[in-house]
Amino acid sequence: MKKKLKGLMIGLAIPCLVVLGACGSTETSGSSETGIQERTLRAGIGLPKEHPEGQGLAKFKEIVEEKTDGKITIDAYYNAQLGDDQKMVGGLQAGTLDITIPSTSPMVGTIKQFGIFDFPFLFNSGEEADAVLDGPVGQKVLDKLPQHGLVGLAYWENGFRNLTNSVHPVDSVEDFEGLKIRTMQNEVHLDVFKKLGANPTPMPFSEVFTALEGQTIDGQENPLATILSNKFYEVQDYLSLTKHVYTPFVFLISKMTWDDLSEEEQKIIKEAAIEAGEYQRKANRKANEEALEELKAEGIKVNEFSQKEKEKIKELIQPVIDKYSKKYGEDLYQQMNEQLKKMRGEN
Ligand code: KDG
């Protein structure tokens, strides 16, 4: 009860708490309790158990229960059983859920700094994304979370997104014209697709299949492993390998839950989130490599999207990047680009 009251206080009086320095990275105060207590943590995600994100959560559960000899158990909920990303994040802030691992994109409305990861063609590889997310830039963004009643423990991988639709193959910028495309609830993605002449609409993930089936939308964009795991090939005819943007997942725990853990418990949970994250990234890259042949076998028509057309998109959307990099933090954006240039030997 005491924790719940404190949680409510957090919601109501953020400014004063920040000043009192209750924020910043995961070094937030652990409970005075020592050792490991019997407890069950509830964890929810929006994707199926067989998806690499589900496999990662199952791995996390295995590690925690092993390292605590079953004293801490993880109740895992898959397939948006507990709601979509934004609803589950709200559950963490309200103390009704302990753990969720959303895409960072739908969270930009709450923590704007996550938006610097939503710019198209930012990362050339998963390894580049890992270096930025697991480095100082990624940590600086996680440090913004405690003031919102959240603690970020690690970044996992959703991946490079590709466009599917049921109208026509998209292999040029002009082909986006008028297509009704679902995006995550993310202002950068919406503005980018508007710039390409499409008609984008934001929508929670669990509503996408029905909207495609009912043709209230023409298309959507997700990594290949998600297009396969959620059977979008049943309601989509064309897959364009645009790889137009990379989406991270972020492993979140409720700050109320975190502060209730002993230092020892916090250490086990954080290390498990990181270890399961490495496992998940590997599983995700393997699944995305293998998914293309399985999708072709399911009958979806696949086309490449040329570098020439990608360069056209980059030019068209530069004003969107200029607008939002200012809003989300020019310094952080520059620091990220410096790191990427260095990795590419460009400076
Ligand atoms: O848990 C699933 C969600 O994280 C969801 O964001 C997946 O990429 C996704 C989407 O398109 O919404």
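The analysis underlying the following values was restricted to heavy atoms, covering all of them including side chains, and did not include hydrogens, waters or symmetry mates. We count ligands from 1, going down the list as the structure has it; atoms in each ligand are counted the same way.
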Checklist entry - Which side chain to side chain donor-acceptor pair (under 3.5 Å) pairs, counting each pair once, include a residue from residues 308-317, with sequence neighbours left out? => result Gln307-Glu311, Glu309-Lys312, Glu311-Lys314
Enumerate donor-acceptor pairs with a distance under 3.5 Å from any side-chain N or O in residues 50-57 to protein atoms, sequence neighbours excluded.
from  : atom 1 : to     : atom 2 : distance (Å)
His51 : ND1    : Glu53  : N      : 2.9
His51 : NE2    : Thr226 : OG1    : 2.9
Gln55 : NE2    : Glu50  : O      : 2.7

Checklist entry - Aromatic ring centroids of Phe114 and Tyr328 under 6.0 Å? => result no
Checklist entry - Hey, are Asp260 and Arg39 close enough for a salt bridge, meaning a charged N less than 4.0 Å from a carboxylate O? => result yes
Checklist entry - Residues in side-chain contact (heavy atoms from CB on, under 4.5 Å) with Glu275, at least two apart? => result Ile63, Lys67
Item to check | Lys/Arg N to Asp/Glu carboxylate O, Lys323 vs Asp191, below 4.0 Å | outcome: yes
Next on the checklist: Can you list every protein residue that has a heavy atom under 4.0 Å from any atom of ligand 1, sorted by chain and residue number?
Outcome noted: Gly46, Leu47, Glu53, Asp85, Ser103, Asn158, Arg161, Arg182, Met184, Phe205, Asn222, Phe249
